[in-house]
**Student:** 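Shown below is the structure under consideration.
Proteins get letters first, then strands, A, B, ... in listed order; numbering begins at 1 in each.
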Number of protein chains: 2
Amino acid sequence: MKKILKNSKLFTGFNENSIEDIVSASSLRKVTKGEMIFHEKDPAEAFFIVGDGKIKIFKLSPEGKEQILMITKQGETFAEAALFGEGYYPASAQAIEDSLLMVVHKDKFLTLVKQNPNIALSLIARLSELLHKLNRLVEELSLTDITTRLAHYFINIIEEKKLSGQPIVIQLAEKKTILASQLGTIPETLSRSLAKLSKENIIKVDGSNIEINDLRKLYSITEGL
Amino acid sequence: MKKILKNSKLFTGFNENSIEDIVSASSLRKVTKGEMIFHEKDPAEAFFIVGDGKIKIFKLSPEGKEQILMITKQGETFAEAALFGEGYYPASAQAIEDSLLMVVHKDKFLTLVKQNPNIALSLIARLSELLHKLNRLVEELSLTDITTRLAHYFINIIEEKKLSGQPIVIQLAEKKTILASQLGTIPETLSRSLAKLSKENIIKVDGSNIEINDLRKLYSITEGL
DNA sequence: CGGAACGTTGACATATATCAAAGGGAGTGG
DNA sequence: CCACTCCCTTTGATATATGTCAACGTTCCG
């Protein structure tokens with residue numbers, strides 16, 4: 001567990017004592033692909049650190065449409081905010097790969113937060129980051145069409161990974177169904193959006209391989225964002 | 001300024017010393033209706049406490065459509081999260097009434113946060129609350145239609161203010177243009193949505209006065225949320 | 001009083017969801 | 001190794017919600 005903690009973004013740089021403290025508030029949990037970690041409205045009794053694997057956090061509409069709020073991978077945490085809120089998880093979490101999670105139990109962790117200013121500050125930074133991302137999601141859902149969101153998604157990856165080349169090549173990290181749900185749409189619409197960008201020779205799609213042929217045009221689509 | 005602080009949700013129950021500390025990091029600012037407090041992407045140099053008035057926090061699309069993220073009133077704070085993020089405001093803020101703001105300057109405040117665990121804990125709670133609200137907004141934007149959002153908006157008010165009576169009467173706190181932007185739509189669509197609920201005898205609209213004639217149906221619209 | 005902002009309604013355009021069908025790829029069991 | 005199934009993906013036809021544009025009445029405020 002120590003290793004997971006030290007590899008996690010939230011707790012990098014913490015001293016041994018703090019690490020031990022958190023370990024003592026935690027346990028491990030293995031989940032298999034497709035397994036639910038918690039459901040929306042379940043009482044929030046813990047938050048999680050991903051040691052390995054991939055977890056999606058999502059909401060469902062009554063009709064069954066899914067909106068993914070985030071996907072967490074190795075080193076990342078999820079459901080931190082639920083511990084401080086109204087006592088229940090505001091969304092659901094499901095493993096999209098076999099995963100190993102560190103489960104940090106609420107009560108013990110809250111005590112630690114109160115005692116350890118570093119944890120508190122780290123949390124503030126993390127919550128701010130989450131807010132920023134959700135802000136962004138709201139903006140995209142409310143103010144842009146799906147092709148724009150898709151272009152922006154590609155640009156994010158390119159900038160984050162500092163990809164370059166001619167053409168730039170992106171490997172989609174998720175199935176297209178998952179990507180659709182992240183972008184706030186359904187697979188059919190995503191498919192059409194990809195086809196549209198292809199037809200305009202901005203990208204070339206081959207399965208989950210995307211070649212960016214015209215980065216400039218891609219940027220011009222997201223203009224103003 | 002002390003009075004503003006003590007009336008603010010973020011700092012209720014703080015002792016005199018803490019209050020003094022925050023006051024010493026702050027200044028006052030008067031803004032008139034329509035005045036911009038900051039623009040998206042401005043460097044984030046302060047956060048704000050509303051002493052009086054009403055402020056909208058919003059995003060604009062390149063085409064000019066507006067999405068309101070939140071409306072802050074007396075006692076509430078805004079832009080706290082921007083201080084910990086990437087250094088700039090992720091949205092714009094504008095007064096929708098003449099307002100009086102307490103401006104809490106970034107650098108001094110950050111020092112205080114590090115020294116004063118109570119402030120840090122208070123911030124964590126506030127950021128969690130904001131996350132929860134944004135979660136909700138994402139859910140509504142992505143998964144529900146506008147009539148559902150409107151119904152949910154009414155129910156929220158009814159539950160928050162514990163309104164009752166037969167019929168229940170709601171006074172809209174905002175102009176309908178503003179409400180539309182909060183719900184992620186435009187005035188025309190809101191107007192039609194209100195008309196639809198009226199025609200079904202669920203509500204009765206008279207200007208900014210809304211009578212709820214059929215609370216049960218209103219709930220059934222939001223079923224599942 | 002007069003202009004500006006607000007609100008409503010209609011006709012229309014458009015993006016996206018829905019429904020249906022079919023192909024392809026990966027994995028499983030015989 | 002093949003056949004089968006399941007899931008993912010794409011494409012087409014269609015439905016629907018919402019945005020756009022325009023016109024008009026109302027309210028508010030200087």
**Student:** Distance-only check: which donor-acceptor pairs under 3.5 Å involve side-chain atoms of residues 134-146 of chain A, not counting sequence neighbours?
**Tutor:**
| residue | atom | partner | partner atom | Å |
| --- | --- | --- | --- | --- |
| A/Arg136 | NH2 | A/His152 | NE2 | 2.8 |
| A/Glu139 | OE1 | B/Lys59 | NZ | 2.8 |
| A/Glu140 | OE2 | A/His152 | ND1 | 2.5 |
| A/Ser142 | OG | B/Gln67 | OE1 | 2.6 |
| A/Thr144 | OG1 | A/Glu140 | O | 3.1 |
| A/Asp145 | OD1 | A/Thr147 | N | 3.3 |
| A/Asp145 | OD1 | A/Thr148 | N | 2.9 |
| A/Asp145 | OD1 | A/Thr148 | OG1 | 2.7 |

**Student:** What is the separation between atom CG on A/Leu183 and atom P on C/dA17, rounded to the nearest whole Å?
**Tutor:**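 So the two atoms are 11 Å apart, to the nearest Å.
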
**Student:** Without placing hydrogens or testing angles, list every side-chain donor-acceptor pair under 3.5 Å for residues 201-211 of chain B, not counting sequence neighbours.
**Tutor:**
| residue | atom | partner | partner atom | Å |
| --- | --- | --- | --- | --- |
| B/Asn209 | OD1 | B/Gln171 | NE2 | 2.5 |

**Student:** Going by number, which of residues 170-181 of chain B have a non-hydrogen atom under 4.0 Å from DNA chain C?
**Tutor:**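 Under 4.0 Å from DNA chain C: B/Lys175, B/Lys176, B/Thr177.
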
**Student:** Tell me which residues in residues 142-157 of chain B lie within less than 4.0 Å of DNA chain D, going by non-hydrogen atoms.
**Tutor:**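 Within this stretch, B/Asp145, B/Ile146 sit under 4.0 Å of the strand.
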
**Student:** With sequence neighbours left out, write down each residue that passes salt bridge (charged side-chain N to carboxylate O under 4.0 Å, His left out) with B/Lys54, or none if nothing qualifies.
**Tutor:**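 Counting only residues at least two positions away or on another chain, B/Lys54 forms a salt bridge (charged side-chain N to carboxylate O under 4.0 Å, His left out) with B/Glu97, B/Glu174.
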
**Student:** Do the side chains of A/Lys217 and A/Glu200 get close enough for a salt bridge, i.e. N-O under 4.0 angstrom?
**Tutor:**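 A salt bridge is absent here (no side-chain N lies under 4.0 Å from a carboxylate O).
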
**Student:** Is a donor from one side chain sitting under 3.5 angstrom from an acceptor on the other, for A/Glu66 and A/Ser181?
**Tutor:**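 Yes, a side-chain donor-acceptor pair sits under 3.5 Å.
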
**Student:** Could I get the full list of ring pair (Phe, Tyr, Trp, His ring centres under 6.0 Å) partners for A/Phe109, not counting sequence neighbours?
**Tutor:**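 Counting only residues at least two positions away or on another chain, A/Phe109 forms a ring pair (Phe, Tyr, Trp, His ring centres under 6.0 Å) with A/Phe47.
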
**Student:** List the residues meeting salt bridge (charged side-chain N to carboxylate O under 4.0 Å, His left out) with A/Lys133, not counting sequence neighbours, and say none if there are none.
**Tutor:**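 So A/Lys133 forms a salt bridge (charged side-chain N to carboxylate O under 4.0 Å, His left out) with A/Glu129.
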
**Student:** Excluding sequence neighbours, so at least two apart, what forms ring pair (Phe, Tyr, Trp, His ring centres under 6.0 Å) with A/Phe11?
**Tutor:**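 By the ring pair (Phe, Tyr, Trp, His ring centres under 6.0 Å) rule, A/Phe11 matches A/Phe14.
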
**Student:** N/O contacts under 3.5 Å, protein versus nucleotides 18-20 of chain C?
**Tutor:**
| residue | atom | partner | partner atom | Å |
| --- | --- | --- | --- | --- |
| C/dT18 | O4 | A/Arg192 | NH2 | 3.0 |
| C/dC19 | N4 | A/Glu188 | OE2 | 3.3 |

**Student:** Taking distance alone, no hydrogens or angles, what donor-acceptor pairs closer than 3.5 Å link side-chain atoms of residues 153-167 of chain A to residues at least two apart or in another chain?
**Tutor:**
| residue | atom | partner | partner atom | Å |
| --- | --- | --- | --- | --- |
| A/Glu159 | OE2 | A/Tyr219 | OH | 2.6 |

**Student:** Give, ordered by number, those residues of residues 202-213 of chain B having at least one heavy-atom distance below 4.0 Å to an atom of DNA chain D; if nothing qualifies, reply none.
**Tutor:**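 Nucleic-acid contacts, sorted: none.
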
**Student:** What does the inter-axis angle of the helix from C/dC1-D/dG30 to C/dG30-D/dC1 come out as, five pairs per end, nearest 10 degrees?
**Tutor:**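 About 40°, once rounded to a multiple of 10°.
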
